[in-house]
Amino acid sequence: QAPDLRPLDARSMRCAAYAAGGFDLSREWSVEAGLRADWDSRFGAATLQPRLRADYAAPSGWTARLAASRYAEYPRFEQEFLAPTETLGITTADELSAGAVFPLAGGVSTEVHAYTQVMRDVVAEVVNRYPDVPEPTGRFERGRLDGLELALRKEKGRVTSRLAVTLLRSQLTRDGEATRRNGDQPYRLDGSMSYLLRSGWQLIARLQAASGLPYSSYEPVGAGERVLGSLNGERLPSYARLDLRVQWEGRWGGARARLYLEVDNALARSNVRGRELEWDPGQNSYVTKDELSMPLIPGFGLDVSWGS
């Protein structure tokens with residue numbers, strides 16, 4: 001069970017300084033280096049955070065980027081409030097990333113971005129029964145995040161679109177035990193398309209699909225009783241949602257106007273945002289109850305603005 005929460009009355013003053021400089025090594029290569037320092041009246045100075053980035057622009061049109069960065073983050077007040085029995089520290093993260101953009105025919109480009117991040121003194125939830133609700137937090141000794149993003153993009157013409165696939169693995173370690181991080185999603189697909197009609201009309205579609213988020217489930221122990229299982233030991237069902245919109249933008253008298261009609265979750269898919277195990281005396285058995293996210297919802301609106 002979650003520990004009893006206590007009132008938190010605290011104030012903090014924070015200061016930060018950042019300096020950066022860029023250099024062109026050649027027509028193709030450029031480098032930028034930076035350094036950030038942070039200070040908090042309660043936690044003191046964070047570790048210095050250097051940043052280094054190298055960019056390459058090939059004569060044929062493709063570009064690449066390499067970067068190494070360190071980040072630091074102080075605990076937020078709400079995290080301290082949700083961690084009444086623990087002392088939270090300053091989270092630090094070292095990140096290495098590499099990416100490239102390749103132009104293709106027809107105004108289409110493809111992007112590749114890979115990154116890895118090693119974290120220390122991570123502040124995160126120690127209970128995660130509901131992925132979208134704040135719950136008790138604590139300190140994790142370390143964490144790791146590995147990701148790969150692939151994207152196709154078309155930004156010019158009457159039809160613009162973007163399709164991106166993200167592969168992700170994220171873990172945290174507490175008391176020697178490794179668990180999934182709250183946002184761990186092995187795959188995620190994001191797609192969007194806009195078709196420009198005549199006279200200011202536009203058709204817009206957005207698609208999202210992803211593996212379900214991890215959560216902490218209740219486990220049956222018999223006689224109608226249950227206990228909370230391991231942190232993020234289970235995963236919700238996969239998620240998918242399609243949103244559609246038709247809109248008009250133009251001048252209305254002396255004002256700028258936008259009129260739109262939209263349908264959220266146009267496929268009426270039943271996406272699960274929370275799952276609970278309960279005892280049903282009538283059936284004399286355990287039952288699983290799902291809490292669903294947004295159903296199919298139509299909407300319309302009119303935005304009018306004057307001036308610049």
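Values below: every heavy atom of this structure, side chains too, minus hydrogens, waters and symmetry copies. Heads up: numbering here begins at 1 and tracks the sequence.
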- request: Applying salt bridge (charged side-chain N to carboxylate O under 4.0 Å, His left out), name anything that partners Asp290, two or more places apart in sequence or on another chain.
  value: Arg275
Any residue meeting side chain to side chain contact (heavy atoms under 4.5 Å, CB included) with Thr87, in chain and number order, not counting sequence neighbours: none
Show me the donor-acceptor pairs, under 3.5 Å and distance only, between side chains in residues 13-21 and residues at least two apart or in other chains.
unit_1, atom_1, unit_2, atom_2, d
Arg14, NE, Asp40, OD2, 2.5
Arg14, NH2, Pro75, O, 3.2

message: If I take atom CD1 from residue Ile204 and atom CE from residue Met193, how far apart are they, to the nearest 0.5 angstrom?
response: 10.0 Å
- request: Classify the side-chain pair Thr92/Arg70 by whether it contains a donor and acceptor separated by less than 3.5 Å.
  value: no
- request: May I ask you to test the Trp279-Glu225 pair for a side-chain heavy-atom distance under 4.5 Å?
  value: no
message: Is the shortest side-chain heavy-atom distance between Asn232 and Asn182 below 4.5 Å?
response: yes
- request: Evaluate side-chain contact (heavy atoms from CB on, under 4.5 Å) for Phe140 paired with Val126, printing each intermediate quantity in order.
  value: CA-CA 9 Å; Phe140 291 75; Val126 295; 4.1 Å; yes
field: Distance-minimising heavy-atom pair for Asn128 and Pro131
entry: OD1-CA, 3.5 Å
- prompt: So if you build clusters from Ile, Leu, Val, Met, Phe, Trp, Tyr with side-chain heavy-atom gaps below 4.5 Å, do Tyr130 and Tyr215 land together?
  reply: no
Can you give each donor-acceptor pair under 3.5 Å made by side-chain atoms of residues 236-249, sequence neighbours left out, with the distance rounded to 0.1 Å?
unit_1, atom_1, unit_2, atom_2, d
Ser238, OG, Arg269, NH2, 3.4
Arg241, NE, Asp243, OD1, 2.9
Arg241, NE, Asp243, OD2, 3.1
Arg241, NH2, Asp243, OD2, 3.2
Asp243, OD1, Asn265, N, 2.9
Arg245, NE, Glu262, OE1, 3.1
Arg245, NH1, Gln247, OE1, 3.2
Arg245, NH2, Glu262, OE1, 2.7
Gln247, NE2, Gln202, OE1, 3.3
Gln247, NE2, Glu249, OE2, 2.9
Trp248, NE1, Ser199, O, 3.0

message: Membership question, hydrophobic clusters at under 4.5 Å side-chain separation (ILVMFWY): are Trp306 and Trp252 in the same one?
response: yes
Set of side chain to side chain contact (heavy atoms under 4.5 Å, CB included) partners for Glu141, sequence neighbours left out: Arg139, Thr173, Arg174, Asp175
query: Measuring from Asp264:CG to Met294:CE, what's the distance to the nearest 0.5 Å?
result: 5.0 Å
message: Surrounding CZ of Arg11 (heavy atoms of other residues, nucleotides or ligands, distance under 6.0 Å), is the total greater than 12?
response: no
task: Could you check if a side-chain atom of Leu189 sits within less than 4.5 angstrom of a side-chain atom of Leu163, using non-hydrogen atoms only?
output: yes
task: For residues Pro214 and Arg180, report the shortest heavy-atom separation together with the two atoms involved.
output: CB-CD, 3.9 Å
task: Give a yes or no on whether Phe300 atom CZ has more than 12 heavy-atom contacts from other residues, nucleotides or ligands under 6.0 Å away.
output: no
- request: Please indicate whether Arg158 has more than 12 foreign heavy atoms, meaning atoms of other residues, nucleotides or ligands, lying under 6.0 Å from its CZ.
  value: yes
field: Side-chain ion pair, Asp94 and Arg120, N-O less than 4.0 Å
entry: yes
message: How long is the straight-line distance from CG of Leu48 back to CG of Asp38, given to the nearest 0.5 Å?
response: 9.5 Å
statement: d(Tyr115 OH, Glu95 CD) to nearest 0.5 Å is 8.5 Å
Which atom pairs, one a donor and one an acceptor, fall under 3.5 Å between side chains of residues 99-114 and the rest of the protein, sequence neighbours left out?
unit_1, atom_1, unit_2, atom_2, d
Thr110, OG1, Ala151, O, 3.3
Glu111, OE2, Arg153, NE, 2.8
Glu111, OE2, Arg153, NH2, 3.0

- prompt: Nearest heavy-atom pair of Val127 and Leu228: which atoms, and what distance?
  reply: CG1-CD2, 3.8 Å
Flag side-chain contact, heavy atom, 4.5 Å: Tyr218 against Glu278: no
field: Inter-residue atom distance Phe77.CZ - Ser12.OG, 0.5 Å rounding
entry: 5.0 Å
- prompt: Where is the tightest heavy-atom contact between Leu88 and Gly138, given as atom of each residue plus distance?
  reply: CD2-C, 3.9 Å
- prompt: Are Leu148 and Leu152 connected in a single hydrophobic cluster, I mean Ile/Leu/Val/Met/Phe/Trp/Tyr linked by side-chain heavy atoms less than 4.5 Å apart?
  reply: no
field: Greater than 12 external heavy atoms within 6.0 Å of Arg206's CZ
entry: no
query: Among Thr116, Leu145, Asp146, which residue meets the side-chain contact (heavy atoms from CB on, under 4.5 Å) test with Arg169?
result: Asp146
message: Let me check something: do Ile297 and Leu292 share a hydrophobic cluster, defined by ILVMFWY side-chain heavy atoms less than 4.5 Å apart, either directly or through other members?
response: no
- request: Flag yes if more than 12 heavy atoms outside Glu291 fall under 6.0 Å of its CD atom; otherwise flag no.
  value: yes
- prompt: Does Leu277 offer a backbone N or O that forms a donor-acceptor pair with the side chain of Arg226 under 3.5 Å?
  reply: yes
Close side-chain approach of Leu52 and Val31, heavy atoms under 4.5 Å: yes
- prompt: Do Tyr74 side-chain atoms and Arg42 backbone N/O form a donor-acceptor pair below 3.5 Å?
  reply: no
task: Flag the pair Lys289 and Glu276 as a salt bridge only when some basic side-chain nitrogen lies within less than 4.0 angstrom of an acidic carboxylate oxygen.
output: no
- prompt: In terms of hydrophobic clusters joined by side-chain contacts under 4.5 Å, are Leu172 and Leu213 together?
  reply: no
query: Judged by atom type as modelled, is there a donor-acceptor pair below 3.5 Å linking the side chain of Gln49 to the main-chain atoms of Ala72?
result: yes
- prompt: Taking side chain as C-beta onward, heavy atoms only, is Arg144 less than 4.5 Å from Gln117?
  reply: no
- prompt: Are any of the side-chain heavy atoms of Lys154 and Thr160 separated by less than 4.5 Å?
  reply: no
task: To the nearest 0.5 angstrom, please state how far the CZ atom of Arg235 sits from the OG atom of Ser217.
output: 12.5 Å
message: Minimum heavy-atom separation for Asp184 and Ser170, please, with both atom names.
response: OD1-N, 2.8 Å
- prompt: Do the non-hydrogen side-chain atoms of Glu73 and Met119 ever get within less than 4.5 Å of each other?
  reply: no
field: Minimum-distance pair of heavy atoms, taken over all atoms of Ala210 and Gln185
entry: CB-NE2, 3.4 Å
